[in-house]
Amino acid sequence: MVRAGKEDPELNLLVGQPERRVGRRSFLQVAGLLAAAGAAGYAGGTVAGWGDDDPAPAAGAADGQPVPGNRVNERLLNIYNWSDYIDDRTIPLFQAQSNLRVNYDVFSSNDDLLKRMKSGPTTYDIIVPTNNFVPTYLNLDLIEPLRQDLIPNLTNLDREFVETDYDPGNRFTVPWQWGTTGIGFNRARAGGQVDSWSAVFEPAAAMSGHVTLLREPTDLIACALIHLGRSPNSIEDKDLADVVKLVRSIKPKLKGFTTDTYIDELAANETWLAQSWSGDVFQAQDQNQDVSYTIPKEGSLRFVDVMAIPKGAPHPANAARFMNYVLHPKVQARISKYVSYGTPVSLAKPLLPAEQTTDPSIYPPASTKLSILTLTGQKLTKWQAAYDQIVK
Ligand code: N2P
């Protein structure tokens with residue numbers, strides 16, 4: 001699918017038309033496309049337009065030699081990222097540039113990702129948890145330090161993505177994109193402007209069957225706490241009991257809990273109010289001009305999704321090469337332009353359309369009430385228990 005206004009020859013270094021979003025339903029098709037367009041095909045000369053500032057092909061790429069620093073000697077990289085979180089050029093271009101073959105799978109919640117990573121050894125080389133889960137991955141010894149010497153483009157990161165509380169100095173993680181949690185709504189069906197969490201946590205009867213909430217403990221619990229006027233970090237039993245009571249009481253009015261179907265449902269006028277992540281709503285808006293995004297006036301959350309290497313991954317050096325590639329401003333701009341999330345590399349901003357970089361829904365001003373949460377210890381256990389009582 002070609003998304004209106006998203007084409008930019010400067011950013012599309014590969015000749016050819018873009019395909020569809022790598023979403024939950026489409027990823028298998030795209031995986032097929034990527035396999036068909038494997039490294040050999042691109043190395044055969046279908047790449048055009050590498051500029052002086054493009055990254056040089058990886059050492060050994062031309063002759064297909066093993067890459068030093070991997071545990072398994074294969075020119076392979078297994079990536080596990082969120083659905084609807086990449087354009088369709090980045091993987092083929094990386095394959096062509098590095099002569100590494102990429103398997104790209106998608107997941108749709110931190111809950112799912114963490115369960116999978118806890119369940120035993122994995123073949124993934126890169127996973128993309130949200131920042132608030134990083135302390136848990138570190139406590140459980142599920143991720144390993146990065147080969148920073150293979151990631152010189154770390155210097156491209158904006159300071160706020162380096163000086164973090166969850167991973168100061170990027171020893172374990174490299175930001176992918178960042179965004180906010182808010183409400184995606186259909187202006188025609190949801191009765192005009194929406195500006196409060198009450199739209200989804202106390203939905204009007206007329207909205208019944210057309211409201212979705214996020215299938216993600218952090219967003220669900222924290223935003224319900226904000227709606228109830230409590231601290232978005234509360235672990236008080238009374239507060240969590242009130243959240244459970246509230247969300248259970250509105251369940252009959254909900255279409256459901258989802259993280260990976262609401263883009264299509266908003267676009268198709270099936271869902272009218274969706275607790276959402278920012279860029280996802282703009283992807284729906286590209287298909288349906290009645291769709292808008294709002295950060296509720298009571299405040300909300302801001303998150304950063306970060307690339308990390310699962311402990312003992314087969315190809316950590318290949319993973320580091322991909323991370324370095326993604327930190328290139330042109331690559332950041334290509335991804336960010338397509339998915340409409342925020343880039344952690346300001347050098348990419350001049351390459352993005354002004355309507356994105358000046359949009360306060362994508363790059364909110366400092367005055368917007370946004371919390372960055374951490375989910376550890378008691379909070380993780382209590383919130384997970386509350387979430388389970390709601391969703392199950
Ligand atoms: C992309 C979802 C963004 C991830 N579809 C939210 N952490």
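Here the structure is a predicted model, which means the values were calculated and not measured. Counting starts at 1 for both ligands and their atoms, in listed order.
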If we count only N and O atoms by modelled type, under 3.5 Å, do the side chains of Trp277 and Asp219 hold a donor and an acceptor together?
yes
Looking at Arg215 and Asp112, is any side-chain nitrogen of the basic one under 4.0 Å from a carboxylate oxygen of the acidic one?
yes
Can you tell me which residue and heavy atom of the protein come closest to atom 5 (N) of ligand 1, and the distance to 0.1 Å?
Ser83 O, 2.7 Å
If you scan protein heavy atoms around atom 3 (C) of ligand 1, the nearest is Tyr341 OH, 3.6 Å
For a side chain to side chain contact (heavy atoms under 4.5 Å, CB included) with Tyr80, tell me which candidate from Leu113, Val128, Ile126 qualifies.
Leu113
Those atoms of ligand 1 less than 4.0 Å from some heavy atom in Phe303:
6 (C), 7 (N)
Quick note on ligand 1: atoms under 4.0 Å from a heavy atom of Asp84 include exactly 1 (C), 5 (N)
Could you tell me whether the side chains of Thr173 and Asp167 share a donor-acceptor contact shorter than 3.5 Å?
yes
Pair Glu298, Ser196: side-chain N/O donor-acceptor within cut-off below 3.5 Å
yes
Counting both backbone and side chain atoms, is some N or O of Tyr85 under 3.5 Å from an N or O of ligand 1?
no
So if I count the atoms of ligand 1 from 1 in the order they appear, which ones are less than 4.0 Å from some heavy atom of Trp82?
4 (C), 7 (N)
Which atoms of ligand 1 are found less than 4.0 Å from any heavy atom of Thr130?
7 (N)
Would you say the side chains of Glu202 and Ser198 form a donor-acceptor pair under 3.5 Å?
no
Nearest-neighbour protein heavy atom for atom 4 (C) of ligand 1, which is reported as residue plus atom name and distance:
Asp305 OD2, 3.2 Å
